[in-house]
Enquirer: 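Starting off with a structure, shown below.
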Amino acid sequence: MMLPNKKGYFGEFGGKFAPETLMSALEELEKAYFYFKKNQDFQRELNYYLKEYAGRPTPLYFAKKLSKHFKKGKIYLKREDLLHTGAHKINNTIGQALLALKMGKKRVIAETGAGQHGVAVATACAIFGLKCQIYMGEEDMERQSLNVFKMQLLGADVIPVSSGSKTLKDAINEAMRDWVTNVKTTFYLLGSVVGPHPYPLIVRDFQRIIGLETKRQILKKEKKLPDYILACVGGGSNSIGIFHPFIGTSTKLIGVEAAGLGLNTNLHSASLLKGKKGVLHGALSYILQDKFGQIKTTYSISAGLDYPGVGPEHAYLMEKKLATYVAVTDKEALEAFHLLSQTEGILPALECAHALAYLKHLSPYLKKDQIVVVNLSGRGDKDIQIIQKETEKKVEPN
Amino acid sequence: MIKTFKLFKRKLKRKLSRIREKFRQLKRANRAAFIPFLTAGYPNLQSFLDLIRVLASNGADIIEIGLPFSDPLADGPTIQRSSQIALAQGVNLPLVFEMVKQLREEIDLPFVLMSYYNPLYKMGITKFFSEASKAGFDGVIVPDLPIEEANSWVKKAANKIDPIFLVAPTSTLLRIKKITSFSKGFVYCVSLTGITGEREKLPLGLRKFILQVKSVTEKPVAVGFGISNPFQVREVAQIADGVIIGSAIINLIDSEKSRKEQIKILTLWIKEITSSLVRE
C-alpha cells in the first residue's frame, strides 16, 4: 500500500493537526504537489537543477581505510556532503522552491536548526528569485554563526527566535505563526519530514533520490543490496530519503538518534527511543514530553538533531519493525568525527557523525564481506568551532 | 396534560447545554455575549481565581480558560508569555480541573477550556471529557484540531462537553458549512488571518465574513482574535453573538502590579466593554 494514505497517515501516525487558518493552504499545497509530481516539465526542470546545479548524483564511496579500521565489513559512504551547500537539504529546497515558483508564491519562509536547511533555502530562493525569510533560534544562531552569515550573504533575512528553548522547535513555531499570518502570499518551505500532511510526504519524495541513487550504485559496484544502511535521525529527512527505496528489502535499516549526554539523563534528543505518542507541529508521532503533555527541552551537540519530535513515517517504520532505531552520545559522535577525518580525510557534519559512531557498535556483528552504507548527509565545516571547543576542553588540564 | 408539558419542558431544558442556554438568554436581551479569556494560573494561581471571580461578577457571560502549552503556535507574544509564566507556576490539566471545580461552586456561568491538542491527547480523550465535565467545563476549543481529525473527538465528547470549532477567513464556504455542523455550543469565528493579539483596527471584510458564517448556521457565532477595545466590541456585537477577548485582558492585568489594582482596573474596563455589547 502507498503511504501515507489520503488523510496523511502512516499507519496511526501523521495527520493534519493544524490551525483552521492553514487548512486551505495545506489543501492547495497538496493539490499543487500531486499535479507537479506527475508533470514531466516540472520533473525535468527539477532534475536539471539537481544535476547541473546541486551536483547529483553524489558518489557512493568505498571507505577502504575506515573499513580496515573496523576489520570487518565493507563500508560505503553516500556522499551527500559533496552537494552544493554541503548537505542533503538542497534536494528538498530546490524541489519545494520550484514548487513555490510554479504556485505563484513570491515569498518563502523557513525554519532552521543547524542552519543547513536555512542555507539551502536561501540558496534555492536566490536562484529562483524568491524573497526569503528564515527563522532561527537564538541559541542555534550562536552555535552556528557561520551559517547565519552565509544565509545573509545569499540575500535571506534571518529572524532570531527568542521564545521557548530558542532552538529548532521554537523556530518552527515562529515560522508557523508567520505562515498563519501571511498564508495567502507565502510558501512555507519545511526542512524535514515533519509537520502536517502533506509535508512529510513532499520532503520524503524530494529526499528519496538519495536512496534511489544508492540502490543503483551499490548494485553496480557489488551486484547486491547492502546488508545495512545507517543514517542519523533528527526530524528524519536524510534517513527517510536513503531508507525509503529499501523498505521491505533484505537491507537492514538503522536510524541513529542523538543520545546527547546519555539516554538516562534528560539531555538528549532521542524522540523515538525515549518519546511517547503525541502531537507536535501538526503530526502525530513520537515526541519528548512530560506526563502532562508539555514538550520537553532537548539537547544534542548537533543542532540539526536537537528536536523533540520525529517524522511520522519513522514512528511507523519503528512500530512495524521495518527499521531499527538506536542512539549514540555526543562523545561517541565526536570520536567518530575524528575517526573519519583521520582515516578518510573527510570532516563529517556532527549530525551524520552520529550515524558513523554506530559503526563501532555494529561491527562486532558484521561478517567479513557484509556491506554497510552510511549516509554522510553533510559536511563538518559548520561544526569546526564546536569541535575546536570540545578538543580544547580535553587538552586543558583541570 | 400540564404535567407532561412540564416534563417535556424540563427535558428540553436539560438537553440544552449551559452554553446554548446562555446564548438564548442573551438573544432575548438583544445583547452579544462577552467571553473573556484568561490563561489558567496567570499571573499566579491565587490572582487567577480572583480575576475570574471579578470577570464573572461584573458581566462576563462565558468564561474561557486557557491551558498553558509549551508550544502555542496559534498565539501571539502576549499569550505566549502568559503561558510560560503559568507553566512555571506548575499549572497542568489536573490542576486546572481543581481550580474550575472550586470556581464552579460559586459561579454558574459556562466555562470553556481552550487547549492545544497534545495535553488532552496525553491525558486520554475519554478520560479528558469525563474529568473536564466533572470539573464543571461546558465546552472545549482546540486550535490545532481541525474537523478532519475530529471524528472520534466529537463522538467522545457526546453530551458531556460542547466541542467548539473554529472558522477562519481562509476557510472555504464548504469548510465553513462542515465546521459549523461539527461545532456545538457556538462557532468560534477567527476574525483575522493571523495569531492572537491586540490589533489597532478590525480587519477589513470582517462584517462580510461573519455574515457569511451566520448565513450557513443557526448556531451562535462568537468572534475572537485581535479584538481589544469598546469601539471594536460595539462594531462586532452588532452582528455577532459573542465577542472573545484575551490578550487585551492579559495586557491590562500586566499594566498594574498589585492584585488590588489589577482587580480595580479590570472592573472598570469590563463595565466599558459590557456597555458596548447591547445592539442598537
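In what follows, chains carry the letters A, B, and so on, assigned in the order in which the sequence lines appear, proteins first and then strands, with residues in each chain numbered from 1.
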Enquirer: If only atom types and distance count, is the side chain of Thr170(B) paired as donor or acceptor with the main-chain N or O of Ser24(A) below 3.5 Å?
Expert: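 No, because the side chain of Thr170(B) does not come within donor-acceptor range (under 3.5 Å) of the backbone of Ser24(A).
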
Enquirer: For Ala168(B), does its backbone N or O pair with a side-chain atom of Thr21(A) as donor and acceptor, under 3.5 Å?
Expert: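 Side chain of Thr21(A) to backbone of Ala168(B): no pair is present.
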
Enquirer: Assess whether atom NZ of Lys219(B) is packed by more than 12 heavy atoms of other residues, nucleotides or ligands within 6.0 Å.
Expert: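 More than 12 within 6.0 Å, yes.
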
Enquirer: Chain A heavy atoms under 4.5 Å from Ile179(B): which part of the residue, side chain, backbone, both or neither?
Expert: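 For Ile179(B), the side chain is the part near chain A, not the backbone.
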
Enquirer: Out of curiosity, Leu284(A) CG to Glu149(B) CD, how far, rounded to the nearest 0.5 Å?
Expert: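 Rounded to the nearest 0.5 Å, the CG-CD separation comes out at 8.5 Å.
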
Enquirer: Counting only non-hydrogen atoms closer than 4.5 Å, does Val167(B) touch chain A with its backbone (N, CA, C, O), its side chain (CB onward), both, or neither?
Expert: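 Backbone only.
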
Enquirer: Crowded around Lys37(A) NZ? As in, over 12 foreign heavy atoms under 6.0 Å?
Expert: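 It does: Lys37(A) NZ has more than 12 such atoms within range.
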
Enquirer: Indicate yes or no for a side-chain donor-acceptor contact from Gln294(A) to the backbone of Ser70(B) under 3.5 Å, with no hydrogens or angles considered.
Expert: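 Here the side-chain-to-backbone pair exists.
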
Enquirer: Are there more than 12 heavy atoms of other residues, nucleotides or ligands under 6.0 Å from atom NZ of Lys31(A)?
Expert: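 Open: at most 12 neighbouring heavy atoms sit under 6.0 Å from NZ of Lys31(A).
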
Enquirer: What distance do Thr181(A) atom OG1 and Leu192(B) atom CG have between them, rounded to the nearest 0.5 Å?
Expert: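 Here the rounded value is 8.0 Å.
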
Enquirer: Has Arg104(B) got more than 12 heavy atoms of other residues, nucleotides or ligands less than 6.0 Å from its CZ?
Expert: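 Yes - once you tally the heavy atoms of other residues, nucleotides and ligands closer than 6.0 Å, there are more than 12.
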
Enquirer: Any side-chain to backbone donor/acceptor pair from Lys122(B) onto Gly278(A)? Under 3.5 Å, distance only.
Expert: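 Judged by distance alone, no pair lies under 3.5 Å.
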
Enquirer: CD of Glu142(A): more than 12 outside heavy atoms within 6.0 angstrom?
Expert: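 Result for CD/Glu142(A): open.
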
Enquirer: With chain B, which of Val183(A), Asp290(A), Ile172(A), Val180(A) has the greatest number of heavy-atom pairs at distances under 4.5 Å?
Expert: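 Looking at each of Val183(A), Asp290(A), Ile172(A), Val180(A) in turn, Val180(A) comes out on top.
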
Enquirer: What residue in Lys276(A), Gln289(A), Lys7(A) has the most heavy-atom pairs under 4.5 Å with chain B?
Expert: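 Winner by heavy-atom pair count: Gln289(A).
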
Enquirer: So does Glu235(B) have more than 12 non-hydrogen atoms from other groups sitting under 6.0 Å from CD?
Expert: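 Check fails, neighbour count at 12 or below.
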
Enquirer: How many angstroms lie between CD1 in Ile287(A) and CG in Asn118(B), if you round to the nearest 0.5 Å?
Expert: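 If we round to the nearest 0.5 Å, Ile287(A):CD1 and Asn118(B):CG are 4.0 Å apart.
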
Enquirer: Of the listed residues (Val190(B), Leu93(B), Asp75(B)), which shares the most heavy-atom pairs with chain A below a 4.5 Å separation?
Expert: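 Most heavy-atom pairs within the cutoff with chain A belong to Asp75(B).
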
Enquirer: If I measure from the heavy atoms of chain A, does Pro94(B) come under 4.5 Å with its side chain, its backbone, both, or neither?
Expert: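 Just its side chain gets close to chain A.
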
Enquirer: Looking at every heavy atom in both Met176(A) and Leu73(B), which two are closest together, and how far apart are they?
Expert: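 Nearest pair, atom of Met176(A) first, then Leu73(B): SD-CD2, 4.3 Å.
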
Enquirer: Give the minimum heavy-atom separation between Lys16(A) and Pro146(B), together with the two atoms involved.
Expert: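 Residues Lys16(A) and Pro146(B), closest heavy atoms: O-CG, 3.1 Å.
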
Enquirer: Heavy-atom distances under 4.5 Å only: say whether Phe69(B) touches chain A with side chain, backbone, both or neither.
Expert: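 For Phe69(B), backbone and side chain are both near chain A.
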
Enquirer: In the structure I gave you, are the side-chain heavy atoms of Glu148(B) and His197(A) within less than 4.5 Å of one another anywhere?
Expert: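 Side chain of Glu148(B) against side chain of His197(A), heavy atoms only: no contact under 4.5 Å found.
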
Enquirer: Which atoms of Lys277(A) come close to chain B, meaning under 4.5 Å heavy atom to heavy atom: side chain ones, backbone ones, both, or neither?
Expert: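 Lys277(A) touches chain B through backbone and side-chain heavy atoms alike.
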
Enquirer: Just how far is it from atom CD of Glu174(A) to atom CG of Asp71(B), taken to the nearest 0.5 Å?
Expert: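 Here the rounded value is 11.0 Å.
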
Enquirer: Ignoring hydrogens, what is the shortest heavy-atom contact between Gln84(B) and Ser163(A)? Give both atom names and the distance.
Expert: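 Gln84(B) and Ser163(A) have their closest heavy atoms at NE2-C, 4.4 Å.
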
Enquirer: Heavy-atom distance under 4.5 Å to chain A: side chain of Leu87(B), backbone, both or neither?
Expert: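 For Leu87(B), the side chain is the part near chain A, not the backbone.
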
Enquirer: Does NZ belonging to Lys214(B) count more than 12 external heavy atoms closer than 6.0 Å?
Expert: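 Enclosed: over 12 neighbouring heavy atoms sit under 6.0 Å from NZ of Lys214(B).
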
Enquirer: Once you round to the nearest 0.5 Å, how far does CG of Leu22(A) lie from OG1 of Thr193(B)?
Expert: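 Reported to 0.5 Å precision, the distance equals 10.0 Å.
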
Enquirer: Count the heavy atoms of every other residue, nucleotide or ligand shown that sit under 6.0 Å from CG of Asn266(A), and state whether that count exceeds 12.
Expert: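 Check fails, neighbour count at 12 or below.
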
